[in-house]
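Here is the naming used below: chain letters follow the sequence lines, and residue numbers restart at 1 for every chain. All heavy atoms count here, side chains included; hydrogens, waters and symmetry mates do not. Here the structure is a predicted model, which means the values were calculated and not measured.
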Amino acid sequence: MNLDEKVKLISRNAVELITLEELRNKLISGEKLKGYLGFEPSGLFHIGWLIWALKYRDLVNSGIEMYLLQATWHAWINDKLGGDLNLIRAAANHVISVLKNVGIDVSRIKVVDAEELISDKDYWSILIKVAKSISLARVKRALTIMGRKSEEGETDFSKLIYPLMQVTDIFYLDLDVALGGLDQRKAHMLARDVAEKLGFKKPIAIHTPLLTSLQGASRMDAKEELDETLSDAKMSKSRPESAIFITDPDEAIRNKVMNAFCPPKQTEFNPILEIAKYIMFYEEPKEFIIERPSKYGGPLEVTTYRELEAIYVSGSLHPLDLKSTVAKYLIDFIRPIRENVLKDSEDLISKISSYISR
RNA sequence: CCCGCCGUAGCUCAGCGGUAGAGCGCCCGGCUGUAGUGUGGGGGCGCGGUUACCGGGUGGUCGGGGGUUCGAAUCCCCCCGGCGGGACCA
């Protein structure tokens, strides 16, 4: 793989890459790059996470030495799964199981548990150095979670430690690249802000897009939808269709897609089009056949997302036909993963599910 | 990563094209003469020097580098540092 091919692989389908120049320079220098993604085990794997999972796979394949951080303590701070560390660990194993089945060669990556980090006093030494180098206002600004919840009620103090831990994770692991959904931007930028002053590597930040909720309102990312649907029973009952889980059976996937928000001709905040873009067409060209009764124009075939978007925007592709086609391909995509994951970790899933449903 | 504000004496800041300033601090002196000390006690004298006050003095790569100008702390560009805000959604 030459330089341009590597850069293309690393940057494809990312919302942003900060900065491209730094990435190129590091690649040119020939040094072995280390990267990571930290995930919060918070319940069942949903398809929004597939986007970063696919990106993670790209980075592994590009030759970057990738770490995968199971952010169990972080999940504890965020009260995921009721703050039960045993459940959180089960959820972490479930995520690893999914990643294996998405085609990530687990033998090529280094899985790190937050437990390992926090048991080393060097970790806490870095955390305090980071804390000393920034103001309280700056930490608060790096907090994604705070915004909405603080309007509703009190936020406990542990939440302030969260961004510090994210920054410390990056420095402790001595990383060149930090990967995450766009919701991780604040933490990554904080790390970039203080890195040089403290003598650590300034991480290149790669952000993947977030999927719009199937209901169209907000985003299907870990911080909002999953948290609310999984850890909040009320939400789960009132909004059962907001996310598609990797463990959903075929019919559930089809129902969720068919019931989803999908405004005609519109690309913005259109979850179905986004699924097509980021999952179906993650790799192009791709054979994408829209089967359609002849009275609505008959079957159509496209090979790139750009073509699909063009015919959708023009109005010649009806949302119903888009939905049924996306449902079909999504089912095909998820089925093998689901089957293996269920085989792999059924006990974990039932543990997590039982928490959710109780 | 993006935007904004700031960077001038040790400190807080003013000055914003025409001789680099103020307050505070610091140093010296005056006034005062406490505690302590030279003594066993007291006085005197000396040492010492608190607080306030008075007088005098000390203060600078105007963050760095370029540029414009007869002339730059001041205007323009780049960089560094501090702070604040933004950054899909809320």
When both distances are under 3.5 Å in a Watson-Crick or G-U wobble arrangement, the nucleotide paired with B/G84 is B/C3
Can you tell me if A/R141 touches the phosphate of B/G85, counting only side-chain N or O atoms and a distance under 4.0 Å to OP1 or OP2? yes
Spacing of the P atoms in B/G18 and B/A73 (rounded, Å): 10 Å
Mate of B/G71 where both pairing distances stay under 3.5 Å, Watson-Crick or G-U: none
Distance between P atoms of B/C16 and B/G63 (Å, rounded): 16 Å
Are A/R89 and A/D113 close enough for a salt bridge, meaning some N to O gap below 4.0 Å? no
When you look at CD of A/E268, are more than 12 heavy atoms from neighbouring residues, nucleotides or ligands closer to it than 6.0 Å? no
Look at the side chain of A/R138 and the base of B/G84, then say whether one donor and one acceptor between them are separated by less than 3.5 Å. no
Taking the C1' atom of each, how far is B/G59 from B/G10, in whole Å? 9 Å
Mind calculating the distance between CG (A/D193) and C1' (B/G85) to the nearest angstrom? 12 Å
Between B/G81 and B/G56, how far apart are the C1' atoms? Round to whole Å, please. 38 Å
From C-beta outward on A/S135, which listed nucleotide comes closest to its side chain: B/G84, B/C88, B/G85? B/G84
Can you tell if the side chain of A/L308 reaches within under 4.5 Å of the side chain of A/L322, non-hydrogen atoms only? yes
Evaluate the criterion side chain to side chain donor-acceptor pair (under 3.5 Å) for residue pair A/E115 and A/S119; output intermediate values, then yes/no. CA-CA 6 Å; A/E115 293 290 336; A/S119 63; over 6 Å; no
Whole-Å distance between B/G85 C1' and A/M189 CE? 15 Å
Just how far, in rounded Å, is C1' of B/A87 from CG of A/L182? 8 Å
Among the candidates B/G84, B/C88, B/A87, find the nucleotide nearest to the side-chain atoms of A/D183. B/C88
Answer for the Watson-Crick or wobble partner of B/G55, both distances under 3.5 Å, is B/C28
Would you mind classifying the nucleic acid contact of A/I18 as base, sugar-phosphate or nothing, using non-hydrogen atoms under 4.0 angstrom? sugar-phosphate
Under 3.5 Å on both distances, the Watson-Crick or G-U partner of B/U19: none
Can you tell me how the ring of A/H74 sits relative to the ring of A/Y162, calling it parallel under 30°, perpendicular over 60° and tilted otherwise? perpendicular
